[in-house]
S.K.: 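Once you've had a glance at the structure underneath, I'll fire off some questions.
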Amino acid sequence: MSEYLTVTVDGERVTAVPGQTVAALLIGLGRRSWRTTRGEGRPRGIFCGIGVCFDCLVVVNGEPDVRACRRRVADGDAIRVQHGAQTPS
Amino acid sequence: MTVHPPVTVVGAGPAGLAAASAATAAGARVRLIDAEPSPGGQYLRGDALGRAYDGAKVHGARVPDGVDYLPDTEVWALEPLPGGGARLHLRTGPADGSGGAVGAGRADPVGRPGPSTGRTTGEPDAAPPSGTTADDRPGPMGVRSAPSTRPRADDGRAAPLEATSTVAVHTVDAPVLVLATGAHDRVLPFPGWDLPGVVTAGAAQALAKSQRTAIGHNAVVAGTGPFLLPVARSLHGVGARVAAVLEAGAPVSGWLGDPGGAAAGLGKLGELAGHTAALARRRVPYRTRTAVIEAHGDGALEAVTTARLDPRWRPLPGTERTIAADALCLGFGFTPRLEAAIAAGCATSGGFVRVDAAQATSARGVFAAGEPTGIGGAALAAAEGEVAGTAAARAAGHPVAPPLGALRRVRTGRRFAAGLAAAHPIGPGWKEWPRDDTLVCRCEEVALRDLHAAARSAPGGRAFRLASRAGLGLCQGRVCGRNTAELIGLTDEDARRFDRRPIAVPIRLGDLADDT
Ligand SMILES: Cc1cc2nc3c(=O)[nH]c(=O)nc-3n(C[C@H](O)[C@H](O)[C@H](O)COP(=O)(O)OP(=O)(O)OC[C@H]3O[C@@H](n4cnc5c(N)ncnc54)[C@H](O)[C@@H]3O)c2cc1C
Ligand code: FES
């Protein structure tokens with residue numbers, strides 16, 4: 001396994017470490033929220049940290065509703081913020 | 001020759017690992033299932049960075065030799081088997097990746113199908129085994145996609161779907177089952193608690209311990225119970241400043257008032273004294289009878305308002321102070337993860353799975369250990385796991401000696417836990433913290449005033465839940481269930497509805513289609 005992974009976050013190329021969660025990557029980049037709620041578009045980020053609350057949803061490679069606190073970054077992942085209820089793109 | 005059924009353990013935290021180890025020692029074949037990529041659960045979680053996670057080898061926590069270990073595997077549904085135990089529906093692969101039918105919608109927790117875009121033509125590089133029979137495991141592949149075959153998305157556009165991630169959905173029968181699914185933090189609502197930057201104490205802990213990441217630069221840790229102390233210390237460890245630790249109840253030393261509890265937890269008290277000393281050296285203020293009653297920020301947390309509390313946890317007017325913070329880490333004890341046990345038919349009482357001295361639940365062939373049976377920390381969880389694993393091996397037909405040492409540790413541990421619970425009760429005055437427009441259910445965005453309106457128009461149980469929509473969102477009431485029940489004054493029976501979740505982990509419809 002290589003030492004570093006290259007992924008994109010909202011189109012920008014960034015480096016991640018094997019074993020890193022998407023949430024830790026985003027927090028490390030200074031992000032605090034990466035989703036808006038379905039109803040009133042409120043900003044959300046990580047909350048429970050262990051996959052229970054579904055607050056931290058993010059779009060990975062076009063797939064919405066991925067829990068950022070549980071998903072490990074894989075090389076080449078394209079990570080995007082999630083707005084409201086999103087269907088796969 | 002009689003064929004002994006295997007012992008299946010769900011959860012690889014302190015309880016599950018101890019159960020697997022005891023059952024193996026008793027001669028049972030053991031299968032250990034856990035959602036995380038590496039063993040340890042919440043307490044033993046190690047540093048997950050910079051190492052390949054090749055299962056059993058990583059971290060401080062070790063899977064006993066000979067155990068059939070399935071990491072990265074969520075039990076998403078479970079149904080009782082007629083002869084005892086349960087049939088488990090599993091999903092192995094990257095969290096929330098999709099399976100055979102890539103691009104299909106997600107099953108809505110209340111049973112409505114999600115928006116389905118149908119199947120895409122591309123097959124994932126390793127399809128889940130079709131026609132999987134009970135007791136089959138997925139092949140070694142089919143659980144992760146090979147990075148080399150993944151298309152790059154350098155231009156930032158979403159990569160083609162078929163390459164995202166590969167998930168295998170399969171079913172195993174577990175006639176003898178140990179459930180050790182742990183707990184999650186309880187958080188009480190107040191204005192601003194849904195701002196980004198407000199997290200559970202456990203989230204801050206997990207990020208610090210296994211991801212070496214500080215949730216913020218300047219953190220306030222608040223809530224109740226001894227867990228706040230190690231969290232503050234871990235935050236320091238990853239470079240965050242801790243502006244204050246706020247304990248809503250009496251100081252931790254309050255346990256000393258209960259001689260039985262204090263004596264039982266001597267080791268634990270020593271550990272806590274270490275945390276307290278470390279925080280004192282860094283001059284972190286530790287305030288008791290104080291809580292955060294409002295979080296402020298434009299789009300994310302910028303400051304918190306704290307207040308002194310009366311013994312019932314009602315804020316004392318005139319004691320408010322505002323302090324700057326970009327992270328607020330909240331923990332008001334833990335809520336057990338009961339959904340698997342309830343689906344297996346285990347009776348609960350007082351919000352926990354009911355077990356006998358051998359950790360046997362009311363469901364035949366099903367044992368439970370650790371946080372689902374009562375909150376008492378990692379040492380108690382491990383002792384219960386050892387008892388459960390031994391009893392499960394016995395149920396699988398292996399002769400065993402009673403685990404006397406573990407039984408004794410369970411007894412003392414429970415005394416300590418009872419002392420702890422008595423010293424850190426949740427004060428009913430918290431119900432004055434949320435305002436009318438404070439969200440209680442974060443998923444469905446249900447405010448306190450909506451709850452009250454629903455309670456008036458549809459009193460009681462199911463009707464109330466449907467009218468308010470509280471607890472019907474993605475988390476299925478895991479976060480808001482208890483709070484809603486207490487705010488509205490639901491009966492125990494109605495409150496328990498929040499714990500009944502047929503599907504433990506929402507899964508994508510495409511995966512369902514492949515579950516044979
Ligand atoms: C986020 C968090 C952090 C914590 N950190 C600490 C700490 O640093 N120190 C401390 O003393 N205590 C900590 N605790 C308290 C902790 O709960 C106990 O100390 C101890 O870990 C309990 O052990 P357990 O075996 O009962 O459960 P856990 O350690 O929680 O293990 C349960 C395991 O079951 C798995 N699981 C649950 N449901 C499923 C499912 N449906 N399918 C598959 N797998 C499943 C989970 O992934 C987890 O690995 C923490 C709690 C939380 C919630
Ligand atoms: S933070 Fe709760 S599910 Fe990810």
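Order of the sequence lines sets the chain letters (A, B, ...), proteins ahead of strands, with each chain counted from 1. Not measured: the values here are computed from a predicted model. When reading the values below, keep in mind they use all heavy atoms of this one structure, side chains included, and skip hydrogens, waters and symmetry mates.
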S.K.: Identify the heavy atoms of B:P196 and A:S33 that sit nearest to each other, and give their distance.
M.R.: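 Answer, listing the atom of B:P196 first, then A:S33: CG-CB, 3.5 Å.
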S.K.: For a quick test of reading the model, state the closest non-hydrogen atom pair linking A:I50 to B:H184 and the distance between them.
M.R.: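 Of all heavy-atom pairs spanning A:I50 and B:H184, the closest is CD1-CB, 3.8 Å.
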S.K.: If I measure from the heavy atoms of chain A, does B:A208 come under 4.5 Å with its side chain, its backbone, both, or neither?
M.R.: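 Neither part; nothing is under 4.5 Å.
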S.K.: Can you list every pair that meets ring-ring contact (aromatic ring centres under 6.0 Å, His included) and has a residue in residues 25-53 of chain A, with sequence neighbours left out?
M.R.: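 Checked against ring-ring contact (aromatic ring centres under 6.0 Å, His included) - neighbours excluded - the pairs reaching residues 25-53 of chain A are A:F47-B:W193.
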S.K.: Relative to chain B, which of A:T21, A:I27, A:V9 shows the most heavy atom pairs under 4.5 Å?
M.R.: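 Of A:T21, A:I27, A:V9, A:T21 has the most heavy-atom pairs under 4.5 Å with chain B.
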S.K.: Which bit of B:T200 comes within less than 4.5 Å of chain A, counting heavy atoms only: side chain, backbone, both or neither?
M.R.: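 B:T200 touches chain A through backbone and side-chain heavy atoms alike.
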S.K.: How many angstroms lie between SG in B:C443 and CG in A:D55, if you round to the nearest 0.5 Å?
M.R.: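 Reported value, rounded in 0.5 Å steps: 6.5 Å.
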S.K.: Would a distance-only check, ignoring hydrogens and angles, find a side-chain to backbone donor-acceptor pair under 3.5 Å from A:R44 to B:R442?
M.R.: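 Yes; judged by distance alone, with no hydrogens or angles, the pair exists.
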S.K.: Need one label for B:L439: side chain, backbone, both or neither, based on atoms under 4.5 Å from any heavy atom in chain A.
M.R.: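 It is the side chain, since no backbone atom gets that close.
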S.K.: Top residue by heavy-atom pair count (under 4.5 Å) with chain A, among B:L330, B:D194, B:V198?
M.R.: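 It is B:D194.
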S.K.: Ignoring hydrogens, what is the shortest heavy-atom contact between A:R32 and B:A300? Give both atom names and the distance.
M.R.: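 Heavy atoms only, the tightest pair is NH1-CB, 3.5 Å.
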S.K.: Please confirm whether the backbone N or O of A:V52 pairs with a side-chain atom of B:R337, one donor and one acceptor, at under 3.5 Å?
M.R.: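 It does not hold such a pair.
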S.K.: Heavy atoms only: give me the nearest B:T213-A:A24 pair and the separation to one decimal.
M.R.: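 Looking at all heavy atoms of both residues, the shortest contact is OG1-CB, 3.8 Å.
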S.K.: Side chain from CB out, backbone as N, CA, C, O: work out which of these in A:R35 comes under 4.5 Å of a heavy atom of chain B, or both, or neither.
M.R.: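 Neither; nothing under 4.5 Å.
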S.K.: Is B:A214 in contact with chain A via its backbone, its side chain, both, or neither, using a 4.5 Å heavy-atom distance?
M.R.: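 The backbone, not the side chain.
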S.K.: Assess whether side-chain contact (heavy atoms from CB on, under 4.5 Å) is satisfied between B:I215 and A:I46, documenting all intermediate values.
M.R.: CA-CA 9 Å; B:I215 181 68; A:I46 193 169; 3.7 Å; yes
S.K.: Between B:Q211 (side chain) and A:G19 (backbone), is there a donor-acceptor pair under 3.5 Å?
M.R.: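 Checking the backbone N and O of A:G19 against the side chain of B:Q211, a donor-acceptor pair under 3.5 Å is found.
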S.K.: Taking everything shown except B:D437 itself, do over 12 heavy atoms lie less than 6.0 Å from its CG?
M.R.: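 Yes, enclosed.
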S.K.: So, A:R42 side chain and B:E445 main chain: donor-acceptor pair closer than 3.5 Å or not?
M.R.: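 No.
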S.K.: Not counting sequence neighbours, which residues clear side chain to side chain contact (heavy atoms under 4.5 Å, CB included) with B:E36? List them please.
M.R.: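 So B:E36 forms a side chain to side chain contact (heavy atoms under 4.5 Å, CB included) with A:R70, A:R72, B:D34.
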S.K.: Check whether any side-chain heavy atom of A:E63 lies under 4.5 Å from a side-chain heavy atom of B:D96, and answer yes or no.
M.R.: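 They are not in contact (no side-chain heavy atoms under 4.5 Å apart), so the answer is no.
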S.K.: Only one of B:V479, B:L474, B:V187 clears side-chain contact (heavy atoms from CB on, under 4.5 Å) with A:C53; which?
M.R.: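 Testing A:C53 for a side-chain contact (heavy atoms from CB on, under 4.5 Å) against B:V479, B:L474, B:V187 leaves exactly one candidate, B:V479.
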